[in-house]
Undergrad: 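Just dropping this structure here.
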Amino acid sequence: MSRKRGVTDKGEQQNEECDEKNLPISMSVATDLKAIKRCIPAFAVAFSGGFLVSVLDPFGTQLIIAFDLCGCSTNLSKILVDNSCYMCKTGETIVGVINLLLFVGAILGCQLTRIFSEYGRVVLLKFIAGFIIPGSLLSALAPTGLTGGWAQVAVGRFVAGIGMGCVCVGCPMYIGEMSPNSIRGKLQTISWVMQSSGSLFAVTLGLANWWRFVVFLPVVISLIALKMLSDVSETPYILLKRGSRDAAMAACEDIYVEEDVEKEFEAVVHSVEISRNKKKPLELMRENREYVHALLVGACLGFLQNLSGARSLLTSSSRIIVQAGFSARTANFLTFALLGVNVLATVAATFIMDSWGRRKVLIISFTGQALTAIIGAVPFYVSPNADNPVTTVVSLFAFLATYAFGVGPIPCMYLGEIFPLDFKGFGMSVGASANWTGISIATFIVLSSSNNIIFSMFAIVSVIAAIFTAVFVRETKGKSVMGSPYFTEAKEMGGG
């Protein structure tokens with residue numbers, strides 16, 4: 001009898017052990033799904049930003065025709081095969097300026113984020129939509145056939161760019177503060193997947209040659225995002241800063257289900273207490289050199305990300321492909337395929353971001369960019385007078401794939417992980433401004449240079465970026481959003 005009882009007890013114990021093993025798995029899945037649901041409004045904003053960046057890429061020729069920039073024939077089908085109109089210097093320059101103004105507006109938008117982020121992370125996401133809507137309307141409603149018509153498109157792109165500049169700050173900031181530490185990298189990468197998907201969607205619609213309709217679509221996407229944001233709660237940091245201690249604690253309990261809730265809440269309380277000292281960022285940097293260190297690393301990484309060229313290649317890929325000898329129509333289809341590869345590579349990155357770590361993936365990605373850019377550059381030095389269409393396209397595809405694997409999603413994510421909450425608005429705005437400055441310089445080079453110079457420069461910058469990452473960038477994988485590896489006190493408070 002006692003033996004049977006012992007066997008029964010042993011069986012029950014084994015069942016309990018199995019239940020204990022299975023329970024965390026189901027809880028983990030439920031926690032991940034809740035975290036994804038919380039971040040959906042930010043994903044929608046990221047999608048609108050990605051759409052906005054690439055919305056004019058397929059329409060260079062159509063804009064040249066609509067505003068009669070080159071005195072071209074109005075037969076669009078003929079022009080899409082004949083490159084003489086598309087390669088008109090005046091039209092090419094004006095379309096390039098229109099695209100460049102988006103990035104100039106983005107630099108201004110980055111500076112405004114530090115103001116709006118202190119009113120709330122959700123407020124900042126609404127601010128993004130609030131600029132994309134009027135900017136897109138201005139561009140879509142520009143009168144054709146008039147000298148000032150293209151100028152209205154340019155002004156609209158600048159206004160929308162102000163909102164676009166905030167995407168690199170607002171989305172990572174909100175997602176970072178609303179995510180469990182264990183999957184924060186995955187959620188941040190999903191945000192980048194949404195940006196890349198937005199670009200792909202824009203170029204896909206561009207194949208239909210309805211430029212006004214497609215330029216108007218960010219208005220609809222932003223209105224949907226605003227509706228989602230109306231039902232979203234603020235982050236624990238903002239709730240506590242507003243005096244809602246119970247709501248902040250409840251938010252922490254909801255976010256950090258499988259982590260040390262008390263420790264995370266204490267870190268938020270500590271950050272709010274520091275922020276109430278009302279010290280300006282420059283004062284903080286004078287008193288503690290760790291702020292300067294983190295700011296320099298974040299700004300340099302942001303600058304190198306886009307100076308290495310991928311964003312400029314994405315927005316100007318049609319021009320580069322046409323310059324390699326393809327027709328404008330073929331260039332549009334290849335750009336569509338290029339963005340498809342970009343999305344797939346970014347999706348792949350979501351599976352390794354929280355296991356491999358930011359630093360390791362960045363080094364691999366920058367190194368891959370350098371190698372693939374060299375593949376594109378070498379044939380031009382071997383045969384200076386050749387267009388090298390095959391190697392140009394292969395290099396473009398390989399370059400964008402390695403970019404999307406790490407260099408694409410990580411820098412904006414990283415900016416949201418290395419600054420204390422009281423410094424985050426300022427730090428991220430400076431880092432994002434450096435990011436958009438890099439893309440402005442790279443875009444100017446892409447618009448004014450031949451393909452051999454473009455690939456050569458991006459290879460050199462990618463090598464420099466890989467070395468910089470290996471020497472100066474510290475790992476943030478699995479650390480608390482309050483636990484930056486650049487701050488001694490943050491490590492103690494936030495579990496870093």
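The figures here come from the full heavy-atom set of this structure, side chains too, leaving out hydrogens, waters and symmetry mates. For clarity, every value in this text was computed on a predicted model and none was experimentally measured.
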Undergrad: Does K186 use its side chain to pair, donor to acceptor, with the backbone of M353 at less than 3.5 Å?
TA: no

Undergrad: Do the side chain of R114 and the main chain of S429 share a donor and acceptor less than 3.5 angstrom apart?
TA: no

Undergrad: Measuring from N342:CG to F397:CZ, what's the distance to the nearest 0.5 Å?
TA: 11.0 Å

Undergrad: Atom CZ in F127, atom CG in L229: separation rounded to 0.5 Å?
TA: 14.0 Å

Undergrad: Could you give the distance from OG (S191) to CD1 (I40), rounded to the nearest 0.5 Å?
TA: 12.5 Å

Undergrad: Would you find a donor on one side and an acceptor on the other, under 3.5 Å apart, between the side chain of S48 and the backbone of V45?
TA: yes

Undergrad: Go through Y174 and L124 one step at a time and tell me if the side-chain contact (heavy atoms from CB on, under 4.5 Å) criterion holds.
TA: CA-CA 9 Å; Y174 176 83; L124 179 56; over 6 Å; no

Undergrad: Okay, side chain of T372, backbone of S395: is any donor-acceptor separation there less than 3.5 Å?
TA: no

Undergrad: Applying salt bridge (charged side-chain N to carboxylate O under 4.0 Å, His left out), name anything that partners R38, two or more places apart in sequence or on another chain.
TA: D254

Undergrad: Tell me every residue that passes side chain to side chain contact (heavy atoms under 4.5 Å, CB included) with V220, counting only those two or more places apart in sequence or in another chain.
TA: F216, L217, I224

Undergrad: Run the side-chain contact (heavy atoms from CB on, under 4.5 Å) check on I128 and L125 step by step: do they pass?
TA: CA-CA 5 Å; I128 294 169; L125 293 178; 4.1 Å; yes

Undergrad: Quick one: pull up CG in D32 and OG in S182 and give me the separation to the nearest 0.5 Å.
TA: 6.5 Å

Undergrad: What pair of heavy atoms forms the shortest contact from C168 to P172, and how long is it?
TA: O-CG, 3.2 Å

Undergrad: Counting only N and O atoms by type, is there a donor-acceptor contact under 3.5 Å from the side chain of R212 to the main-chain atoms of A140?
TA: yes

Undergrad: So among E417, E475, Q188, which one has a side chain to side chain donor-acceptor pair (under 3.5 Å) with R358?
TA: E417

Undergrad: Which atoms form the tightest heavy-atom contact between V232 and P41, and what is the distance?
TA: CG2-CG, 3.2 Å

Undergrad: Sequence neighbours excluded, which residues qualify as salt bridge (charged side-chain N to carboxylate O under 4.0 Å, His left out) partners of R157?
TA: none

Undergrad: Give a yes or no on this: more than 12 heavy atoms of other residues, nucleotides or ligands lie within 6.0 Å of atom CZ of F468.
TA: yes

Undergrad: What do the steps show when you test T392 against F380 for side-chain contact (heavy atoms from CB on, under 4.5 Å), and what is the final call?
TA: CA-CA 10 Å; T392 296; F380 288 102; 3.5 Å; yes

Undergrad: Could you check whether the rings of F47 and F51 sit parallel, tilted or perpendicular, using 30° and 60° as the cut-offs?
TA: tilted

Undergrad: Report the distance from atom CZ of F458 to atom CD1 of I374, rounding to the nearest 0.5 Å.
TA: 14.0 Å

Undergrad: Output yes when a side-chain donor or acceptor of R121 lies under 3.5 Å from a complementary backbone atom of E234, and no otherwise.
TA: no

Undergrad: For the pair T402 (side chain) and F399 (backbone), establish whether a donor and an acceptor sit closer than 3.5 Å, ignoring hydrogens and angles.
TA: yes

Undergrad: Mark yes or no for whether S136, through its side chain, and I132, through its backbone, hold a donor-acceptor pair below 3.5 Å.
TA: yes

Undergrad: Please examine the side chains of V193 and F43, heavy atoms only from C-beta on, and report whether any two atoms are closer than 4.5 Å.
TA: no

Undergrad: Look at the rings of Y414 and Y486 and say which category their plane angle falls in: under 30° parallel, 30 to 60° tilted, over 60° perpendicular.
TA: perpendicular

Undergrad: Check L415 against A432 and note the closest heavy-atom contact, atom names and distance.
TA: CD1-N, 3.9 Å

Undergrad: Write down the atom of L101, the atom of A154, and the distance for their closest heavy-atom approach.
TA: CD1-CB, 3.5 Å

Undergrad: Given the side-chain rings of F423 and F426, with only the six-membered ring counted for Trp, is the space between their centroids under 6.0 Å?
TA: yes

Undergrad: Would you confirm whether the ring centroid of Y291 sits within less than 6.0 angstrom of the ring centroid of F487?
TA: yes

Undergrad: Start with the C-alpha gap between F116 and V169, add the side-chain angles, then the distance that decides, and say whether side-chain contact (heavy atoms from CB on, under 4.5 Å) holds.
TA: CA-CA 11 Å; F116 285 91; V169 178; over 6 Å; no

Undergrad: Can you give me the closest heavy-atom contact between C39 and L187, atom names plus distance?
TA: SG-CD1, 4.2 Å

Undergrad: From T113 OG1 over to I162 CD1, what is the distance, rounded to the nearest 0.5 angstrom?
TA: 12.0 Å

Undergrad: Indicate yes or no for a side-chain donor-acceptor contact from D354 to the backbone of G185 under 3.5 Å, with no hydrogens or angles considered.
TA: yes

Undergrad: Does S308 reach the main-chain N or O of Q305 with its side chain, forming a donor-acceptor pair under 3.5 Å?
TA: yes

Undergrad: Please find the pair of heavy atoms, one from T346 and one from T189, that lie closest to each other, and give the distance.
TA: O-CG2, 3.6 Å

